[in-house]
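Everything below concerns the one structure shown next.
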Amino acid sequence: MKALVTGISGFVGSHMAEYLLGNNVEVFGTTRHRSRMDHIRHLTKDLNLVECELRDPFSVENLIKSAKPDLIFHLAAQSFVPTSWNSPMDTISNNISGQINIFEAVRKLDLDCKIQVACSSEEYGHVEPHEVPIKETNPLRPLSPYAVSKVAQDYLGYQYHQSYGLHAVITRTFNHTGPRRGENFVTSNFSKQIAQIEKGLQPPVLYVGNLSAKRDFTDVRDVVKAYWLALEKGEPGVSYNIASGFCVTIKEMLDLLLSYSQVEIEVKTDPSRLRPSDVEILLGDYQKFHQQTGWKPEIPFEQTMEDLLNYWRARV
Ligand code: GDD
C-alpha cells in the first residue's frame with residue numbers, strides 16, 4: 001500500500017505520516033523549497049519526500065505518475081483564517097488549484113486511487129442557535145475567504161465523483177489541535193505565550209482575541225485515524241463531519257491552560273487579533289461518520305491541551 005500525503009511537513013501531515021508508517025504503509029510526501037522540516041525530521045529516513053508545487057499542474061502530474069499512490073491524503077492548504085482576509089486571492093487560488101491539479105492528474109493517469117479531501121467546519125460559517133450540533137445537511141454560510149475555498153474543495157470532491165467516478169471522500173473537520181500545532185492558531189498561541197511567561201521570556205501578560213467564540217476541538221492523533229478510516233470505509237462523493245461532539249468557549253480553553261500553570265498571568269485583549277467576522281459557534285455531530293466507520297474520538301480534551309502546553313514548554 002502506497003500513500004501520498006500533501007503538506008506532510010505540516011501539523012496534521014506529520015501526524016498522518018507517523019500513523020501511516022506505524023501501519024506499514026509506504027509514504028510519499030510533498031514538500032516545497034521553503035518548507036520547514038522540524039516536524040518530520042525524525043521520520044525522513046522512512047519517507048519518500050518529493051519537492052512539488054501543488055499549484056503547478058506539471059509538478060503534480062509528475063509526482064503522481066512516479067509515486068502511483070493507492071491513497072492520497074490531501075492536507076496541504078493555506079489554513080489560517082485571518083491570512084485569508086489579508087490575501088483572499090492567494091488563499092482561494094492556492095487551495096482550489098492544488099485540489100484540481102491532483103484530481104486532474106489522477107483522472108488523466110486513470111489511477112485506481114482513493115483521495116481524502118481535507119475540508120472544514122468553517123464551511124458552515126454562520127450557524128443559527130437551533131442548528132447545533134451541526135449535521136452535514138446544514139446550510140453552508142461561509143464567513144471568510146478561507147471558508148469559501150474549502151466549500152469549493154468540498155464541492156469539487158462531489159463533482160469529480162459525479163462526473164468521473166473519482167473516489168474522493170470529503171472530511172469536514174472541526175477544530176483540531178495537539179503537539180506541533182502551528183503557533184498562529186489559538187490553542188498553540190496561548191500555550192506558547194504561557195510557556196514563554198513561565199521561562200521569563202515574556203512579561204506576565206497574555207494577549208488574546210475573541211474569547212466568546214465556541215469551538216469543538218478534537219486531538220490531531222484522533223483526526224489522522226479518522227482520515228485513514230475515511231478512505232478505508234467512507235463513501236466516495238460524500239462529506240463527513242469529524243468532530244468531538246462537545247464545545248468550549250475560547251475563554252474556557254484558556255482557563256484550562258492557565259490552570260496547568262503556577263504563574264500569575266494577566267489576560268489582555270489585543271485588538272489586532274479580532275476578525276472582520278468570527279464564526280461564533282462550531283459544534284459538530286459526527287454520527288454519520290461514526291455509523292459509516294466506527295470512529296469516535298478517544299483522547300480527552302484535557303490531555304490534548306496538557307500535551308500541547310508541554311510541547312511548548314520543551315520548545316521555547
Ligand atoms: N488564532 C487566534 N489567536 N484565535 C483567537 C485568538 C488569538 O489570539 N483569540 C481568540 N481567538 C479565537 C478566534 O477568533 C476563533 O474564534 C477561535 O479562537 C479559533 O481560532 P483559530 O485557532 O485561529 O482557528 P479557526 O477556528 O479560525 O480555524 C481552525 O479550525 C478550522 C476548522 O473549524 C483552523 O485550523 C482551520 O484551518 C480549520 O479549518
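Counting starts at 1 for both ligands and their atoms, following the listed order.
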**OP:** Could you work out the complete set of other residues in the hydrophobic cluster of V132, with links drawn between I, L, V, M, F, W and Y side chains under 4.5 Å apart?
**Re:**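 Y124, V127, I134, L140, L143, V151, Y155, F174, V279, I281, L282, L283, which link up through side-chain heavy atoms under 4.5 Å apart, make up the rest of the cluster.
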Original post:
Are R215 and D278 close enough for a salt bridge, meaning some N to O gap below 4.0 Å?
Top reply: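 A salt bridge is present here (some side-chain N lies under 4.0 Å from a carboxylate O).
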Subject >> Selection residues 65-82 - residue pairs positive for salt bridge (charged side-chain N to carboxylate O under 4.0 Å, His left out), sequence neighbours left out >> reply: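 Not a single pair qualifies under salt bridge (charged side-chain N to carboxylate O under 4.0 Å, His left out).
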Residue and atom name of the nearest protein heavy atom (relative to [atom]), distance in Å to one decimal:
atom: atom 1 (N) of ligand 1; value: N184 O, 2.9 Å
atom: atom 25 (P) of ligand 1; value: N175 ND2, 3.8 Å
atom: atom 22 (O) of ligand 1; value: V186 N, 2.8 Å

Original post:
Should we count NZ of K114 as having more than 12 external heavy atoms under 6.0 Å?
Top reply: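 Atom NZ in K114 is crowded, with more than 12 foreign heavy atoms closer than 6.0 Å.
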**OP:** Following the transitive rule for hydrophobic clusters with a side-chain heavy-atom cut-off under 4.5 Å over Ile, Leu, Val, Met, Phe, Trp and Tyr, establish whether L258 and F217 coincide in one cluster.
**Re:**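 Same cluster.
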**OP:** Could you tell me how the ring of F185 sits relative to the ring of F80: parallel (under 30°), tilted (30 to 60°) or perpendicular (over 60°)?
**Re:**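 Plane angle over 60°, so perpendicular.
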Between [options], flag the one that comes closest to [atom] by a heavy atom.
atom: atom 20 (O) of ligand 1; options: R215, R275, M253; value: R275
atom: atom 32 (C) of ligand 1; options: C119, A118, S121; value: S121
atom: atom 35 (O) of ligand 1; options: R181, K214, E122; value: R181
atom: atom 18 (O) of ligand 1; options: I250, T218, L282; value: I250

**OP:** Pull out every atom of ligand 1 sitting under 4.0 Å from any heavy atom of S120, numbered as shown with elements.
**Re:**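 Under 4.0 Å from S120, ligand 1 has these atoms: 31 (C), 32 (C), 33 (O), 38 (C), 39 (O).
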Subject >> Contacting atoms of ligand 1, where contact means under 4.0 angstrom from a heavy atom of D278 >> reply: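 Matching atoms, with element in brackets: 13 (C), 14 (O), 15 (C), 16 (O).
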Original post:
So, is F185 polar-close to ligand 1, with some N/O to N/O distance under 3.5 Å?
Top reply: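 Between F185 and ligand 1, no N or O pair is found under 3.5 Å apart.
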Original post:
At a non-hydrogen distance cut-off of under 4.0 Å, which region of L274 contacts ligand 1 (side chain, backbone, both, or neither)?
Top reply: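 No part of L274 comes within reach of ligand 1.
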Original post:
Does ligand 1 have an atom that lies less than 4.0 angstrom from a heavy atom of L211?
Top reply: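 No.
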